[in-house]
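Since the structure comes first, as structure tokens, the remarks are kept for the end.
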Amino acid sequence: MNETLFLALMDPAGAPAHPLIFLVLGVVTFALHIAAVALLLGTLVLAIRGAIFSRDAYAQRLARPAAFTAKFVVGMVIVLGVAPLLFVQVVYDPFWYTSSMLSAGWTLAFLVLVLAGYLALYVFALANDEGGENAGPGLRRASWLVVSLIVFIAGGWVIHSLSTQLLLPSEFMQWYAPQGRVDPSGRALHYSSIPRLVFFLGLAFPITAAWLFGMRAYLLGSQERDGGYIDYLEMTGRRTAFIGGIVLLVSGAAWMLTLPASMQWFASSIWPWAGLVPVIFFLALPALQKKRRLCIPCNYGMFLMSIVMTIVLAALREVLRYGTLLQAAGYDAMQYKVNFDLPSTVIFFVTFLLIGGVALAYMIRLAWQAGRPQGAMTVSAGTERLGTAAVALLLAWVAGYFIIGIATITGAG
Ligand code: HEM
């Protein structure tokens with residue numbers, strides 16, 4: 001393998017800030033992405049179960065908010081998927097682009113799959129839009145939820161394959177020209193690891209369980225009168241979390257035992273043991289919830305802690321990638337050439353923290369208030385102000401985008 005080739009493929013312009021920033025942001029945004037993916041798949045399963053397979057009145061009641069949560073979360077999956085895509089392209093560009101070019105047909109198919117899954121969810125939502133998410137008659141056209149679930153899992157498998165292929169640079173030549181004959185079609189997916197895919201998709205169990213605990217607390221706070229439904233959420237959450245802990249433990253162990261030779265250094269290091277911390281947390285989730293069920297903030301805390309544990313897993317996944325490419329291809333992501341660009345770094349963080357932060361705070365606060373009272377909802381003056389600030393900041397950003405763009409172009413000319 002010609003290792004200098006990979007160095008030559010790095011963007012000669014370099015990264016606009018230290019690569020560590022991109023690695024950390026990549027880990028955090030990937031964790032948020034995969035947590036959103038987990039909630040999407042988990043709520044789809046709950047919705048399908050209640051709408052098609054279960055005669056239990058509570059399971060049927062849960063199907064509607066679960067389906068509407070899935071429709072909302074898919075937007076987060078996409079937005080939070082773009083973020084790690086940007087970061088991985090910056091620090092691992094020689095490997096990411098090679099992997100996606102070697103399977104170019106599938107890279108494009110991924111977009112079609114995500115689009116199809118999203119559309120299927122909307123066909124379902126349009127057939128069930130009366131009465132909002134908590135009311136209305138039984139669900140119609142629920143088979144679209146099944147289509148959506150299958151298509152999203154297929155999309156997850158493709159992106160999984162693309163992000164594991166990049167870890168095997170010694171195979172690139174063989175994949176590009178099998179037996180010496182060049183195959184530029186991009187038709188094949190060359191590598192995937194089922195245990196690894198099951199591990200990441202298996203996060204659907206604990207994350208959805210933690211979401212159910214949060215939902216239980218939310219309904220308690222809004223004076224939900226049906227105690228049987230509250231208990232149903234609690235028990236379903238506990239069962240789901242328990243199954244999830246087992247799935248993660250088994251698939252995680254299988255993943256470590258089936259690592260290819262160039263990644264086996266990871267299995268024999270301390271890192272998989274660190275990975276046991278989140279897995280044990282997920283296994284203990286039902287017991288923790290049982291103990292703390294009367295403490296409403298703790299119910300929300302379970303969800304927050306589950307996200308923190310997902311960040312730990314995402315960090316370990318990054319250690320595997322960083323170490324493998326260092327050993328297999330002599331590629332040190334931390335040594336990426338830096339061409340420090342203050343304006344673009346400032347623009348990025350201002351956009352991310354200020355524009356994104358205020359808009360997100362507005363939406364969360366609004367959703368929160370919408371669920372609190374029984375009957376008609378009144379939006380507080382503070383929330384109104386936050387909404388106005390979010391729109392004003394966005395308009396200022398769009399104006400700034402054109403002003404800076406035009407100034408740059410005319411200045412360069
Ligand atoms: C609903 C459909 C989706 C599912 C089920 C899904 C699932 C996954 C899974 C399982 C992984 C981990 C792969 C692994 O490391 O083995 C992953 C990674 C990733 N996903 Fe998604 N994903 C979905 C949608 C998206 C979308 C729409 C985007 C982009 C717009 C996206 C961008 C990414 C990226 C960039 C990574 C790799 C990040 C990295 O290597 O640092 N995903 N996704």
Side-chain angles (χ1 to χ4, degrees), residues 19 22-45 70-93 95-100 103 106-121 145 147-168 189 191-204 207-208 247-248 251-252 254-256 258-260 263 266 275 310-311 313-322 324-325 333:
F22 295 96
L23 286 171
V24 171
L25 287 171
V27 164
V28 174
T29 53
F30 169 72
L32 296 178
H33 167 66
I34 205 70
V37 166
L39 190 53
L40 169 67
L41 301 183
T43 46
L44 274 177
V45 170
K71 193 189 80 174
F72 166 75
V73 171
V74 75
M76 294 179 69
V77 166
I78 294 173
V79 174
L80 293 167
V82 173
L85 185 58
L86 298 179
F87 301 126
V88 74
Q89 281 170 2
V90 172
V91 271
Y92 294 110
D93 50 344
F95 306 93
W96 178 263
Y97 287 117
T98 309
S99 173
S100 34
S103 304
W106 287 97
T107 309
L108 293 175
F110 169 72
L111 301 175
V112 177
L113 288 170
V114 172
L115 209 66
Y118 208 167
L119 282 177
L121 259 184
L145 294 173
V147 173
S148 180
L149 178 68
I150 294 172
V151 168
F152 281 144
I153 291 179
W157 173 55
V158 174
I159 197 87
H160 151 79
S161 199
L162 296 177
S163 40
T164 41
Q165 281 179 186
L166 75 80
L167 297 172
L168 293 163
L189 272 181
Y191 182 82
S192 56
S193 154
I194 298 301
R196 175 174 166 148
L197 180 61
V198 172
F199 183 84
F200 283 115
L201 297 187
L203 283 168
I207 297 283
T208 308
V247 169
L248 294 184
S251 59
W255 175 17
M256 290 302 111
T258 53
L259 280 174
M263 294 178 220
F266 185 83
T310 310
I311 295 178
L313 290 173
L316 294 171
R317 175 181 174 275
E318 196 56 60
V319 171
L320 172 64
R321 175 158 58 188
Y322 176 83
T324 299
L325 293 180

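Both counts, for ligands and for their atoms, begin at 1 and track the order of listing. As the structure is a computational prediction, the values presented were derived from the model and not from experiment. Computation of the quantities below employed the complete heavy-atom set of this structure, encompassing side-chain atoms and omitting hydrogens, waters and symmetry-equivalent molecules.
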How far is [atom] from the closest protein heavy atom, and which atom is that?
atom	result
atom 32 (C) of ligand 1	G81 O, 3.5 Å
atom 1 (C) of ligand 1	F152 CD2, 3.3 Å
atom 27 (C) of ligand 1	I78 CG1, 3.8 Å
atom 20 (N) of ligand 1	H33 NE2, 3.0 Å
atom 19 (C) of ligand 1	I159 CG1, 3.6 Å
atom 7 (C) of ligand 1	G156 CA, 3.7 Å
atom 15 (O) of ligand 1	R196 NH2, 2.6 Å
atom 9 (C) of ligand 1	I34 CD1, 3.5 Å

Practice task
Measure the distances from the heavy atoms of R317 to every atom of ligand 1 and state whether one is below 4.0 angstrom.
Solution key: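 Contact present.
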Exercise for the section: Take every heavy atom of F110, measure it against each atom of ligand 1, and state whether any distance is under 4.0 Å. Expected result: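 Contact check F110 vs ligand 1: positive.
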Quick one: which ligand 1 atoms are inside 4.0 Å of a heavy atom on [X]?
X	answer
L40	1 (C)
V82	29 (C), 30 (C)
S163	13 (C), 14 (C), 15 (O), 40 (O)

Contact partition for [X] relative to ligand 1, non-hydrogen atoms under 4.0 Å:
X	value
F30	side chain
H160	both
L201	side chain
I153	neither
L41	neither

With a 4.5 Å limit on heavy-atom distance, are the side chains of [X] and [Y] in contact?
X	Y	value
R196	L320	yes
T98	Q165	no
L201	H160	no
L121	L44	yes

Indicate yes or no for a side-chain donor-acceptor contact from [X] to the backbone of [Y] under 3.5 Å, with no hydrogens or angles considered.
X	Y	answer
T324	M263	no
T43	L40	yes
S99	F95	no
S192	S161	no

Practice task
Can you label the angle between the W157 ring and the W106 ring as parallel, tilted or perpendicular, going by 30° and 60°?
Solution key: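 W157 vs W106 ring planes: perpendicular.
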Problem - Heavy-atom proximity to atom 35 (C) of ligand 1, best of V37, V151, L85, V74 - result: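 The option holding the nearest heavy atom is L85.
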Practice task
Could you check which of Q89, E318, R321 puts a non-hydrogen atom nearest to atom 41 (O) of ligand 1?
Solution key: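 Ranked by closest heavy atom to atom 41 (O) of ligand 1, first place is R321.
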Practice task
Find out whether the Lys NZ or Arg CZ of R317 is both under 6.0 angstrom from the six-membered ring centre of F200 and within 45° of the ring's axis.
Solution key: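 R317 over F200 ring: yes.
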Exercise for the section: Mind running side-chain contact (heavy atoms from CB on, under 4.5 Å) on F199 and L248 for me, showing each step along the way? Expected result: CA-CA 5 Å; F199 183 84; L248 294 184; 4.1 Å; yes
Exercise for the section: Count the heavy atoms belonging to other residues, nucleotides or ligands that lie under 6.0 Å from OH of Y322, then report whether that count exceeds 12. Expected result: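 Yes.
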